[in-house]
Protein chains: 2
Amino acid sequence: MIQLKDISKVYTLGTQEVEVLRNISLEIKPGEFLSLVGPSGSGKSTLMNILGCLDKPTRGSYFFEGVSVADLSDDQLAEIRNKKIGFVFQSFHLLPRINALQNVELPLIYAGVPRSKRKEKAREVLAAVDLADRIYHKPNELSGGQCQRVAIARALVNNPQIILADEPTGNLDTKSGNEILQIFEKLNRQGVTLVIVTHDLSIARRAHRIVTLRDGEIIKDEVRRGE
Amino acid sequence: MIQLKDISKVYTLGTQEVEVLRNISLEIKPGEFLSLVGPSGSGKSTLMNILGCLDKPTRGSYFFEGVSVADLSDDQLAEIRNKKIGFVFQSFHLLPRINALQNVELPLIYAGVPRSKRKEKAREVLAAVDLADRIYHKPNELSGGQCQRVAIARALVNNPQIILADEPTGNLDTKSGNEILQIFEKLNRQGVTLVIVTHDLSIARRAHRIVTLRDGEIIKDEVRRGE
Ligand SMILES: Nc1ncnc2c1ncn2[C@@H]1O[C@H](COP(=O)(O)OP(=O)(O)OP(=O)(O)O)[C@@H](O)[C@H]1O
Ligand SMILES: Nc1ncnc2c1ncn2[C@@H]1O[C@H](COP(=O)(O)OP(=O)(O)OP(=O)(O)O)[C@@H](O)[C@H]1O
Ligand SMILES: [Mg+2]
Ligand SMILES: [Mg+2]
């Protein structure tokens, strides 16, 4: 389903070049549960942004369901991002002037879902992440972990076939973090592909496969047996 | 040094009242190392904002070094926040249009420190959090964990006598998180008071005392012996 081949990403800051990803090759099959780990600054979010069609690599190819992403128009990319991929951002990216319910409804609005169905679905996923009593709060009226859960709910609301979650439990206590993992694992058992960036090794170990980054390169790609 | 007595915090959202802290009484002695834990939404950041003189309680009293904070002018509060308290925000609050070095210099500018001394001190703390090669990057050119470390450096740069750190390692891998804890612990051994909100129990257990919140109340306040 996902094939990255020799992906590199270079940023130019003034006169300096910052090489953030180098020769990344990675294949992710439908329904896999993969965790992506590595030190702070090693390139995990940059790789996730490329996987999520939010950023373009400097070199290399990305095939999504057999199609070369580099050849797609902006509209086609937006369609993939809205309908096929659920992205949980490390810094949430909630819209500050609308409340939790409205934030979660946004992907449904883009997908053309009728109003009453939207409200019902958005409420449902917010209840699933234990925020039923906070749906009218705006982001600045929510705790850090509550904002994180709104971002998670928003990523799930369109029933995506692949979930890319960038440190989805960093602001959650162990119990809430576990509840989120269980939601993800249940979706994975139903066939949803799951890629989770995490610094929490107890979460990383729940994946079937752990990919380790260091200084922009994959230094380890390990399938876990019998777990 | 710090005395909270019967502190309550109530938010009004439309016609609804949200009781976020209830009858919090807490005493923190100079040089203590306390961790503050509890479920997402339990009131930890709200309590930290009151401790950091960033927010006022709805009821109750706060004595900081024997002075009633409610009786201080805005200028006096700003002075305490700048000179005595180092605050690491859960969502960092870096200024987006200036780089890491300039963000870390800000408290030194407010404190009237001369330019060359400022630059030197800001570089020094950024090197201590392992960001020497990223000082000219702006926040959107930094990883999540790098932004977190800039926020930490900024909190330390004025040599505060009390550090309030709201989930300072949530975006850091184990090794970087440990390095940050060691910086905090070293300052604590030199007499700096340390209050850390964390969801990571391995970090919480390094404190001398663990205060547990649930639904806005302190349900446990435990000094740890022999550790
Ligand atoms: N401005 C506000 N108006 C209404 N409710 C608020 C406001 N700010 C915070 N809250 C509510 O106060 C409660 C406590 O928030 P707080 O940020 O202190 O929690 P926390 O313990 O830091 O959580 P986390 O671990 O998720 O960061 C939450 O339930 C939140 O929804
Ligand atoms: N726009 C940019 N310009 C220059 N350098 C950048 C830019 N964006 C990111 N970087 C650099 O790219 C590197 C990788 O960043 P990335 O956000 O992918 O790291 P990460 O592995 O997600 O880290 P963390 O665990 O801290 O979130 C970092 O060293 C960062 O400073
Ligand atoms: Mg990241
Ligand atoms: Mg908080």
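Note that the coordinates shown come from a computational prediction; the quantities given were computed from them, not determined experimentally. In the text below, chain A, chain B and the rest are named by the order of the sequence lines, each starting its count at 1.
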Check: Using non-hydrogen atoms only, which part of B:Ser45 is less than 4.5 Å away from chain A: side chain, backbone, both, or neither?
Finding: neither
Note to self: Using a 6.0 Å cut-off, check whether atom CG of B:Asp74 has over 12 heavy atoms from anything other than its own residue.
What the structure shows: no
Check: Side chain, backbone, both or neither: which part of A:Val37 has a heavy atom under 4.5 Å from chain B?
Finding: neither
Margin query: Other residues, nucleotides and ligands only: do more than 12 of their heavy atoms fall within 6.0 Å of NZ on B:Lys138?
Written below: no
Notebook entry, point to check: So which of B:His137, B:Gln16, B:Gln146, B:Arg134 has the largest heavy-atom pair count under 4.5 angstrom toward chain A?
Noted result: B:His137
Notebook entry, point to check: Are B:Lys44 and B:Asp166 close enough for a salt bridge, meaning some N to O gap below 4.0 Å?
Noted result: no
Note to self: Is A:Ser91 close to chain B through its backbone or its side chain, or both, or neither, when contacts mean heavy atoms under 4.5 Å?
What the structure shows: neither
Margin query: Under 4.5 Å from any heavy atom of chain B, what part of A:Glu141 do you find: side chain, backbone, both or neither?
Written below: side chain
Notebook entry, point to check: Where on B:Ser40 is there a heavy atom nearer than 4.5 Å to chain A: the side chain, the backbone, both, or neither?
Noted result: both
Margin query: Does any backbone or side-chain atom of A:Glu167 lie under 4.5 Å from a heavy atom of chain B? Answer side chain, backbone, both or neither.
Written below: side chain
Notebook entry, point to check: Cut-off 3.5 Å, side chains only: do A:Glu32 and A:His208 have a donor facing an acceptor?
Noted result: no
Note to self: Treating B:Asn158 as the side-chain partner and B:Asn82 as the backbone partner, does any N or O pair qualify as donor plus acceptor under 3.5 Å?
What the structure shows: yes
Next item on the list: Select one option (side chain, backbone, both, neither) describing which atoms of A:Leu13 are under 4.5 Å from chain B's heavy atoms.
Entry: side chain
Check: Can we say A:Arg59 and A:Asp6 salt-bridge, meaning some charged N sits less than 4.0 Å from an Asp/Glu carboxylate O?
Finding: no
